[in-house]
Structures are given as structure tokens and as C-alpha cells.
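Small disclaimer: the values here were computed from a predicted structure and weren't measured.
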Amino acid sequence: TGDTTFDIGFANTAVCKSAITYIDGDAGVLQYRGYPIEQLAEKSTFLETSYLVLYGELPTTEQLADFTEKISRHMVIDERLRELFRIFPRKSHPMPVLSAAITALSTFSRDTIGFEPDTIEAATHQLMAKVPTLAAYSFKNSTGTPTLFPDYSLSYIENFIRMSFGTVTEPYQFDDTITRALDVLLILHADHEQNCSTSTVRLVGSSQANLYASVSAGVHALSGPLHGGANQAVLEMLKQIRDDGVTVQDYLDKVKNKSDHTKLMGFGHRIYKNYDPRAAIIKKHADAILKARGGSDQLLDIALELEEAALSDDYFVERKLYPNVDFYTGLIYQAMGFPVDMFTVLFALGRLPGWIAQWREMVADPTNKIGRPRQIYVGHTKRDYVPMNER
Ligand code: CMC
């Protein structure tokens, strides 16, 4: 087929130039705009990191205050949009609800749809402000409890926590350890160059579809268990090991034999052939948070045992399979009180600035083209139509 290169899963194809995130998968290095993830996780906040990812530089005090104010101002959603949450069945998985809500948000934000700098800026603020509200309402729908209005006096993270767990009748008591842990987890997820959901955002956006449509598609791409859905799948795997009473070694044998396509969820990565630096940071937090919250130490023990056994097993060593970002996050989210269905929504909340930044970078690039991969045709050669009574 002429000059077409065959590259399943785009494993060796670069489709854009990007100045947002740098990864050295062999060395386990991750940097946003040149800043190491370890420093951002220790010193930054999610909103500050979002600004960095979106605009390329760390903000000054005034710039951060302005950005925060613009986001706070837009956190409330139209009352009609709030009604949308009534039509989904109770206990709906919050990921499709979130994606549908972002699509619906575009119909309420028509004056922010377009490609002028001001319009793009307005859509950026709309999404950064409203997605946490929509995510919290998706959660409230799944628990059947009343939604809360955002509270401008709170930080971005506190506001999301209160809208998720607060009630209309009582003031919410914050736990600073939990608030900071969620802040750090979202920082770790803020961007990860051309992963499946980000590539989806870019591909959808490459047809000049608007930012809302592109982000909503990104949420769907993220939902799969090989991508963001892995954080939910890890916790389900740990529970299964506990409840079935199988040993960690038995489980690893099943993975190695590839029986029932069993994978060690939360292990392996297309780019990292070393310890995922995000997993290393999360692992440090997991123990402290679980202890502080009285969370499930038993599942953490299984996770630690799995990790240790896998890292010294030839199957995993030869394939350079290490824990990825999803291996420990579920345990922390659970200790925070989130049900498993919400884990991937939290990933989406974290990845939001990355999706927006990548879409903005793409539309600002005059050399950008519509995404349109090729294929190798392996079907029939030409044949003639067969009438129904002759088939
Ligand atoms: N458990 C067991 N074997 C594995 C695993 C795993 N988790 N991951 C890869 N392998 C094996 C795979 O079977 C293959 O073996 P063989 O050479 O014998 O056929 C080899 O390692 C290479 O794997 P691959 O499937 O070609 O690698 P990929 O780059 O296409 O897939 C991945 C990357 C992340 C989808 C994969 O490692 C995986 O399915 N991991 C489990 C799901 C998971 O944790 N996903 C979260 C990824 S990080 C966050 C995110 O992106 O959302």
C-alpha cells in the first residue's frame, strides 16, 4: 500500500509537536513544562499546576488570583442543566453521566464555542469551573442524594469535596490530609502527553469540533479499563484476590498463563519501562492516608505483596512491567470515601487541564491537519452482488 506505515496502536508514530509534557519512559521521568512532577507534587496546588499546563509558565500571585477568581465565578451550572441529572437511572455509572453532562454543557455555553482567543479562554474557564460541579452531581446522582451549590469561599479542591460528600443540612467538616492528598493526586494526573484520551481529544478537535465535544469524547476514551478505568479495575482485582482467598502467587500464575486474558491491573505502561514516577509518589501517600482514615489495610497489604512478587518475577522483569499511576490510587480514593465507580471520574478531573491545553496547542498550530490514519485493507477483492435467493 505505497508509503503507508503499519503501526498498530500508534506505538511508534508521533502525530504532533508538543511543548507541554516531557516523559523519559526508560528513566521514569515526567515533567510538565520542564518542571519535575516530584517538585510539583510537593510544592504546587492543582490550580497552579493547571495554570502551568495551560499557559506554559508558573503564575505570579496576581495571575493565580485572577485565574482562581475566573474559575470560581463560573462554578454554578444553569438550573436546566442541573435537571439533566434527574433523567439518568439512580446508580448510573458516573463516567457516562459526566460525559453526557459535558456535551450538554456545550449547549448552555454557545457563546464560548469558537476559535477566537477570547472564546477559547472563556471555554477554558467554563470547563475548569464546571466539570467539578458536573462530576460531583454525577456522584450525587449515583448515591441518590441532593446536589449542593458550589461555595465560592472554598478552594477548588475543598469545593469539590464538599459538593461530593456534603449535605444540605450540615456544615462540612474538612480533613486537611484528605484535601491535600486529593490536590496531589490531581496534580499527578494533570497531563501525560499523547495518551489514549488526550489523543482522542486531539483527533476529535482536529476536525475543528469544539472544545466541549473534544473533552466529552476524552472522558469516554478514559473510561476503558486499559486506560483510566484501570484504577477501578485494580481495586476490584484486589478485592477479588481477598474474597476468593487465592494467594498472590496463584493470581500471578493466572496472569502469566494469560488464562481468561487476566492482566495484573495497574501494571505496565506503553511509555514507562521503569517505575512510573507518579506511582512512586502515590505509594508514599497511600500508607499514611490509609492509616489516618482507618482504610482497608488488608487491600494495601495485598497490593504491596503483589508488587513485590511481580517485580522479582521473570515474566514482569523481562517485559519491563512496573506499577503505573493506577496501582495505588484506588486505595486512596476508597479511603477518602469515594466508591469505585467514582475513581475514573477523579482521573478525568485531574486530566482536564491537560486535555484543554493539548486542544489549545493544536488549534494554535497553523500546520495542524485533520487526523486521518490509514489502514491496510485485508478484506475481499472485488466481487459481484448476489441476489437474495441465490445466497
Ligand atoms: N499484566 C500482564 N501482562 C502484561 C500487562 C499486565 N498488566 N501489561 C502488559 N503485559 C504483557 C503483554 O501481555 C505483552 O506480553 P507478550 O509480549 O507476551 O504478548 C507485553 O507485556 C507487552 O504488553 P503490550 O500489551 O504490548 O503493551 P501496551 O503498551 O500495548 O499496553 C497497557 C500498555 C497499559 C495497556 C498494558 O500494560 C495493560 O493492559 N496494563 C493493565 C491496565 C492498566 O493498568 N492500565 C493503566 C495504564 S497507566 C494510566 C493510564 O494510561 O490510564
Side-chain angles (χ1 to χ4, degrees), residues 18-23 30-76 102 105 109 112 115-135 150-161 179-193 195 197-198 201-202 205 211-212 214-215 218 277-278 281 325 346-365:
S18 180
I20 302 171
T21 289
Y22 173 75
I23 300 175
L30 169 62
Q31 296 163 359
Y32 301 154
R33 305 285 189 183
Y35 292 100
I37 192 67
E38 292 79 7
Q39 292 181 24
L40 293 169
E42 195 191 324
K43 299 181 176 147
S44 185
T45 62
F46 178 62
L47 263 200
E48 184 188 52
T49 295
S50 298
Y51 185 100
L52 170 70
V53 166
L54 284 163
Y55 302 109
E57 295 296 337
L58 286 168
T60 61
T61 310
E62 294 75 33
Q63 284 168 332
L64 185 58
D66 182 55
F67 183 59
T68 306
E69 204 270 321
K70 284 193 173 114
I71 288 171
S72 300
R73 209 184 321 138
H74 291 111
M75 289 188 307
V76 175
I102 294 172
L105 175 63
S109 314
T112 68
F115 297 88
E116 295 301 317
D118 287 355
T119 321
I120 291 174
E121 199 58 5
T124 299
H125 296 144
Q126 284 285 327
L127 280 163
M128 286 298 299
K130 290 189 167 68
V131 168
T133 310
L134 300 176
D151 180 342
Y152 299 135
S153 68
L154 300 175
S155 75
Y156 192 78
I157 304 292
E158 284 174 335
N159 187 56
F160 172 71
I161 290 177
T179 307
R180 179 59 189 153
L182 187 55
D183 209 15
V184 171
L185 285 174
L186 297 191
I187 290 171
L188 298 180
H189 287 87
D191 192 54
H192 212 238
E193 50 124 298
N195 58 85
S197 57
T198 302
V201 168
R202 277 187 177 257
L211 181 58
Y212 299 88
S214 306
V215 167
R278 303 167 299 174
I281 296 168
V325 68
L346 298 167
F347 193 148
L349 217 54
R351 186 54 52 85
L352 182 66
W355 287 335
I356 300 173
Q358 299 266 352
W359 185 94
R360 291 172 62 125
E361 186 178 62
M362 180 186 64
V363 302
D365 179 355

For this session: Report the C-alpha separation of Thr198 and His192 in whole Å, then their side-chain angles, then the decisive distance to 0.1 Å, and conclude whether the side-chain contact (heavy atoms from CB on, under 4.5 Å) test is met.
Result: CA-CA 8 Å; Thr198 302; His192 212 238; over 6 Å; no
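- The aromatic rings of Phe67 and Tyr51 sit perpendicular, their planes meeting at an angle over 60°, well past the 30° parallel limit.
- Rounding to the nearest 0.5 Å places OG of Ser214 at 11.0 Å from CD1 of Ile102.
- For the pair Gln126/Leu211, no side-chain contact is recorded, criterion being any heavy-atom separation below 4.5 Å from C-beta on.
- Residues Ser18 and Glu193 have side chains that never bring a donor and an acceptor to within less than 3.5 angstrom of each other.
- For Gln39 (side chain) and Pro36 (main-chain N/O), no donor-acceptor pair under 3.5 Å exists by modelled atom type.
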For this session: Assess whether side-chain contact (heavy atoms from CB on, under 4.5 Å) is satisfied between Tyr55 and Arg360, documenting all intermediate values.
Result: CA-CA 10 Å; Tyr55 302 109; Arg360 291 172 62 125; 3.5 Å; yes
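- Checked by atom type, the side-chain pair Thr49/Tyr35 shows no donor-acceptor distance below 3.5 Å.
- Between the side chain of Glu158 and the main chain of Thr179, no donor-acceptor pair closer than 3.5 Å is present.
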Problem set entry | side-chain contact (heavy atoms from CB on, under 4.5 Å) between Gln31 and Thr21, worked out | CA-CA 6 Å; Gln31 296 163 359; Thr21 289; over 6 Å; no
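- Listed for the Ser72 side chain is no donor-acceptor partner under 3.5 Å among the backbone atoms of Tyr152.
- Separation of atoms NE2 (His74) and OG1 (Thr112) is listed at 9.0 Å; rounding is to 0.5 Å.
- Side-chain rings of Phe347 and Trp355 stay apart, their centers remaining 6.0 Å or farther from each other.
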